[in-house]
Q: 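Supplied in structure tokens, the structure appears directly below.
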There are 2 protein chains.
Amino acid sequence: MARRSQTELAVLGALSTGAMTGYEVRAAITGTLGHFWQESFGQIYPTLAGLEADGLVRRRGGGRTSGSVVEITDAGRVRLRELLAEPHPSAPRRNALLLRLFFGEHLPPGRAHELLTEVEEGSVAALEQYSAIRAEPSDDDPGQPFRTMTLSFGEHLARAQRDWARESLAALADLEEGRRARG
Amino acid sequence: MARRSQTELAVLGALSTGAMTGYEVRAAITGTLGHFWQESFGQIYPTLAGLEADGLVRRRGGGRTSGSVVEITDAGRVRLRELLAEPHPSAPRRNALLLRLFFGEHLPPGRAHELLTEVEEGSVAALEQYSAIRAEPSDDDPGQPFRTMTLSFGEHLARAQRDWARESLAALADLEEGRRARG
DNA sequence: AGCAGCATGTAAGTGGTTACATGATTGT
DNA sequence: ACAATCATGTAACCACTTACATGCTGCT
């Protein structure tokens, strides 16, 4: 009962779309799940080895040149469905930015403004990226609606952050003005 | 150069509002930073010991009954400002829910609906909590605007999640209907 | 007498990142 | 020839959680 299940899920999920090398699994994950999931090689290769030992994936030759291509097995597909159905661990809610902002009165002058501007710019940039993805021609396969849902999540999140950052910047400006007025 | 800096920051931040025991530090963190930060005892006590060794906090007696009360020192206050000014580590963007939804086509029937409903209900509950906090009488100290900012962040986030969940549930319903019509 | 809450701490384990080591192939 | 990219893996480390162990105090 290895508890590496989240990485296992991501790797099996990637492999469910086609056979590939470990290196390509990484690329597939950063490419398609990138805005809400990442994996490092130090995690992928050991996981792949474990999956192979459990018969959930198998290696297809792969000559000297390319690495060995990994393929999901039927047992692997069953396991993927199991993992998907399992309750998901809630992400640890830890926001280092908010931690700093909460104690904002002790922040060096201008730093709060800087932090908020970074959030605003980051969110706007993310939104641009998302709209570029939306513009991409879609081969309409059955998974499409779910993929769109995750994209939509990113958009909602980015818009919320952008709006919050703008509101907070305005509040900050009011604060500064009041301070100046009082002397 | 210990790298426990995030926990250190949270603990020093809590202690900057007044002297307290380790147990109370935990309570203060879950109470006031709870919706974007948490610490466990296994983290707090060793951190406190390290801070004491560095002269950033000091212990005030604390008889047999209550535990020893910990107080931030001047050096501790300086360190707090340093930590606050440091660039914040970006949280690992890993969303186990989206990971499952992305591969939604392999999810057991009804499970996607279940997941989205949970998100919607959780967000609504969070919003209620936040509005209760807003209603609390505020002693208007200088930190107030920053505290409000972090609360506002939670609200924006919760609204975004709620709206996304509702939209996605509607999209899911459309999908089911289309399936029935064709099937 | 017994339980709930206050209080402090340690040990083991988890899930992950980073850095390192290595080497083949392809393109310039 | 050299650099970039593909490819695989390990070792060390890190932050953190959970579970455990312990004991006191105050209330019922």
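Sequence lines set the chain letters: A, B, ... in the order given, protein chains first and strands last, and positions in each chain run from 1. Just so it is clear, the model here is predicted, and its values are computed rather than measured. Worth knowing before you read on, the calculation uses all heavy atoms, side chains too, and leaves out hydrogens, waters and symmetry mates.
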Q: Could A:Arg59 and A:Glu52 be called an ion pair, given the rule that one side-chain N must be under 4.0 Å from one carboxylate O?
A: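 Yes, A:Arg59 and A:Glu52 are salt-bridged.
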Q: Do B:His156 and A:Glu167 meet the criterion of a side-chain donor-acceptor pair at a distance under 3.5 Å?
A: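 Per modelled atom types, B:His156 and A:Glu167 side chains form a pair under 3.5 Å.
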Q: Can A:Arg162 and A:Glu121 be counted as an ion pair, charged N to O under 4.0 angstrom?
A: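 Salt bridge absent between A:Arg162 and A:Glu121.
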Q: Can you tell me which nucleotide in D:dT8, D:dC16, C:dC6 comes closest to the side chain of A:Arg94?
A: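 For the A:Arg94 side chain, the nearest candidate turns out to be D:dC16.
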Q: What are the two closest heavy atoms between B:Gly55 and B:Thr73, and how far apart are they?
A: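 Heavy atoms of B:Gly55 and B:Thr73 come nearest at O-OG1, 2.8 Å.
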Q: Taking the side chain as everything from C-beta on, heavy atoms only, tell me whether A:Trp164 gets closer than 4.5 Å to A:Glu120.
A: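 They are not in contact (no side-chain heavy atoms under 4.5 Å apart), so the answer is no.
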Q: Going by atom type alone, with no hydrogens or angles, which donor-acceptor pairs under 3.5 Å involve a side-chain atom of residues 95-104 of chain B and a protein atom two or more places apart or on another chain?
A:
| from | atom 1 | to | atom 2 | distance (Å) |
| --- | --- | --- | --- | --- |
| B:Asn95 | OD1 | B:Leu97 | N | 3.0 |
| B:Asn95 | OD1 | B:Leu98 | N | 3.1 |
| B:Arg100 | NE | A:Glu86 | O | 3.2 |
| B:Arg100 | NH1 | A:Gln6 | OE1 | 3.2 |
| B:Arg100 | NH1 | B:Ala96 | O | 3.1 |
| B:Arg100 | NH2 | A:Leu83 | O | 3.4 |

Q: Can a side chain N or O of A:Thr21 be found less than 4.0 Å away from OP1 or OP2 on D:dC6?
A: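 Negative; the distance criterion is not met.
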Q: Quick one, which residues of residues 30-48 of chain A touch DNA chain D with a heavy atom under 4.0 Å?
A: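 Listed by number, they are A:Gly42, A:Tyr45.
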Q: Between A:Ser68 and D:dA7, is there a contact of a side-chain N or O with OP1 or OP2 at under 4.0 Å?
A: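 So the side-chain polar atoms of A:Ser68 never come under 4.0 Å of the phosphate oxygens OP1 or OP2 of D:dA7.
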Q: Rounded to the nearest angstrom, tell me the gap between atom CD in A:Glu52 and atom C1' in D:dT8.
A: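 Taking CD of A:Glu52 and C1' of D:dT8, I get 13 Å after rounding.
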Q: What nucleotide, of C:dG16, C:dT8, D:dT8, holds the atom closest to the side chain of A:Gln6?
A: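 Selected nucleotide (nearest to the side chain): C:dG16.
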Q: Where are the stems of DNA chain C, defined as at least 3 consecutive Watson-Crick or wobble G-U pairs with both distances under 3.5 Å?
A: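 Stem list for DNA chain C: C:1-28 with D:1-28.
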Q: Between A:Arg79 and A:Glu82, is there a salt bridge with N-O shorter than 4.0 Å?
A: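 Salt bridge: yes.
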Q: What is the nucleic acid contact for B:Arg93, judged by heavy atoms within less than 4.0 Å: base, sugar-phosphate only, or nothing?
A: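 No contact.
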Q: Charged N to carboxylate O under 4.0 angstrom, A:Arg134 versus A:Glu155?
A: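 Looking at A:Glu155 together with A:Arg134, the answer is yes, because their closest N to O distance falls below 4.0 Å.
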Q: Would you kindly give the CZ-to-P distance between A:Arg26 and D:dG9, to the nearest whole Å?
A: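 Taking atom P of D:dG9 as the reference, CZ of A:Arg26 is at 16 Å.
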